[in-house]
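In what follows, every heavy atom counts, from backbone to side chain, and hydrogens, waters and symmetry copies are set aside. If you read the sequence from its start, that first residue is 1, and numbering goes on from there.
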Amino acid sequence: MGASLDIGALAQELETLLGDKLGLRKGAFPARVKRAGRRLPQWVHREAAVINEALMFETHAKLRRRIDGARVKAAHDRVRQHLKAIDPADRRLGLILGMLGTLAFNLLLFAALALGFLRWQGLI
């Protein structure tokens, strides 16, 4: 069943990807996935839970037999594929552009309010 599958190595690979792609460098795999929060879709969290459960079962002699190796491998492959598709530079650019867009909107709103106030006072 899951005896030939090294779940620890699979989790370690995903830990590395989470560190490289999302900047999550502290903690083990379960903690990193939890800290990723909304940066990862819900289906990735569900697949990570499968790997998490297998990690817990792997340390217990009797529960180790309950590990579905094919399911764990499929979950690992899907999470790995999603993490490899993330571009950290694009994420940073999106964050910067979002902040600049917010700043521009706030400046335009302030200018419109200032002009409206000056017009109301009869200064324009």
Side-chain angles (χ1 to χ4, degrees):
M1 281 210 183
S4 64
L5 189 64
D6 186 8
I7 299 167
L10 298 179
Q12 183 65 37
E13 179 187 4
L14 295 178
E15 282 179 23
T16 304
L17 282 172
L18 284 167
D20 294 344
K21 301 293 186 166
L22 298 178
L24 302 169
R25 304 208 187 280
K26 290 184 183 175
F29 175 68
R32 290 183 193 204
V33 171
K34 186 175 182 179
R35 282 200 346 259
R38 290 182 168 179
R39 289 182 276 181
L40 293 175
Q42 191 62 39
W43 67 265
V44 173
H45 284 279
R46 282 193 299 270
E47 297 293 337
V50 170
I51 298 167
N52 235 3
E53 182 179 286
L55 277 172
M56 289 187 303
F57 286 174
E58 187 178 41
T59 60
H60 195 279
K62 288 185 180 180
L63 293 178
R64 187 178 301 137
R65 287 181 264 149
R66 293 192 57 198
I67 297 174
D68 181 4
R71 176 72 177 109
V72 172
K73 182 67 175 140
H76 168 266
D77 291 342
R78 290 188 68 201
V79 172
R80 181 172 41 91
Q81 182 180 9
H82 178 75
L83 290 175
K84 284 188 178 245
I86 295 174
D87 183 12
D90 186 46
R91 284 186 62 242
R92 274 192 301 274
L93 181 64
L95 181 65
I96 291 169
L97 290 176
M99 288 191 307
L100 288 175
T102 302
L103 180 64
F105 174 77
N106 287 337
L107 287 174
L108 286 172
L109 183 63
F110 177 74
L113 288 174
L115 287 173
F117 179 74
L118 291 174
R119 175 103 171 140
W120 178 55
Q121 293 295 318
L123 298 173
I124 295 181

Report whether L113 and I124 are members of the same hydrophobic cluster (ILVMFWY, side-chain heavy atoms less than 4.5 Å apart, transitive linking).
no
Just wondering, do H45 and R38 contact through their side chains at under 4.5 Å, heavy atoms?
no
Rounded to the nearest 0.5 Å, the CD1 atom of I7 sits from the NZ atom of K73 at a distance of 11.5 Å
Do V33 and V79 have side-chain heavy atoms sitting under 4.5 Å apart?
no
Rounding to 0.5 Å, atoms CZ (R119) and CZ (F117) come to a distance of 14.5 Å
Are any non-hydrogen side-chain atoms of L24 and R39 less than 4.5 angstrom apart?
yes
What distance do R80 atom CZ and L18 atom CG have between them, rounded to the nearest 0.5 Å?
13.0 Å
Are a donor atom and an acceptor atom from the side chains of H76 and E13 found within less than 3.5 Å of each other?
yes
With a 3.5 Å distance limit and no angle check, can you tell me whether R64 reaches the backbone of E58 through a side-chain donor-acceptor pair?
yes
Do M56 and L63 share a hydrophobic cluster, counting only Ile, Leu, Val, Met, Phe, Trp and Tyr and linking them when any side-chain heavy atoms are less than 4.5 Å apart?
no
Within the structure provided, determine whether L5 and V72 are in side-chain contact (heavy-atom separation under 4.5 Å).
yes
Within the 4.5 Å heavy-atom criterion, are D20 and R25 side-chain neighbours or not?
yes
Give, for atom OG1 of T102 and atom CE of M99, the distance between the pair rounded to the nearest 0.5 Å.
9.0 Å
Report, as yes or no, whether the 6.0 Å neighbourhood of atom CD on Q81 holds more than 12 heavy atoms from other residues, nucleotides or ligands.
no
Is there side-chain contact between H82 and L40, with at least one heavy-atom pair below 4.5 Å?
yes
Measure the shortest side-chain to side-chain distance between H60 and F57 over non-hydrogen atoms and say whether it is less than 4.5 angstrom.
no
CG of L22 to CD1 of I86, rounded to nearest 0.5 Å, is 4.5 Å
Could you grab the distance from atom CZ of R91 to atom NZ of K21, nearest 0.5 Å is fine?
11.0 Å
If you take all heavy atoms of A11 and L55, which pair is closest and at what distance?
CB-CD1, 3.8 Å
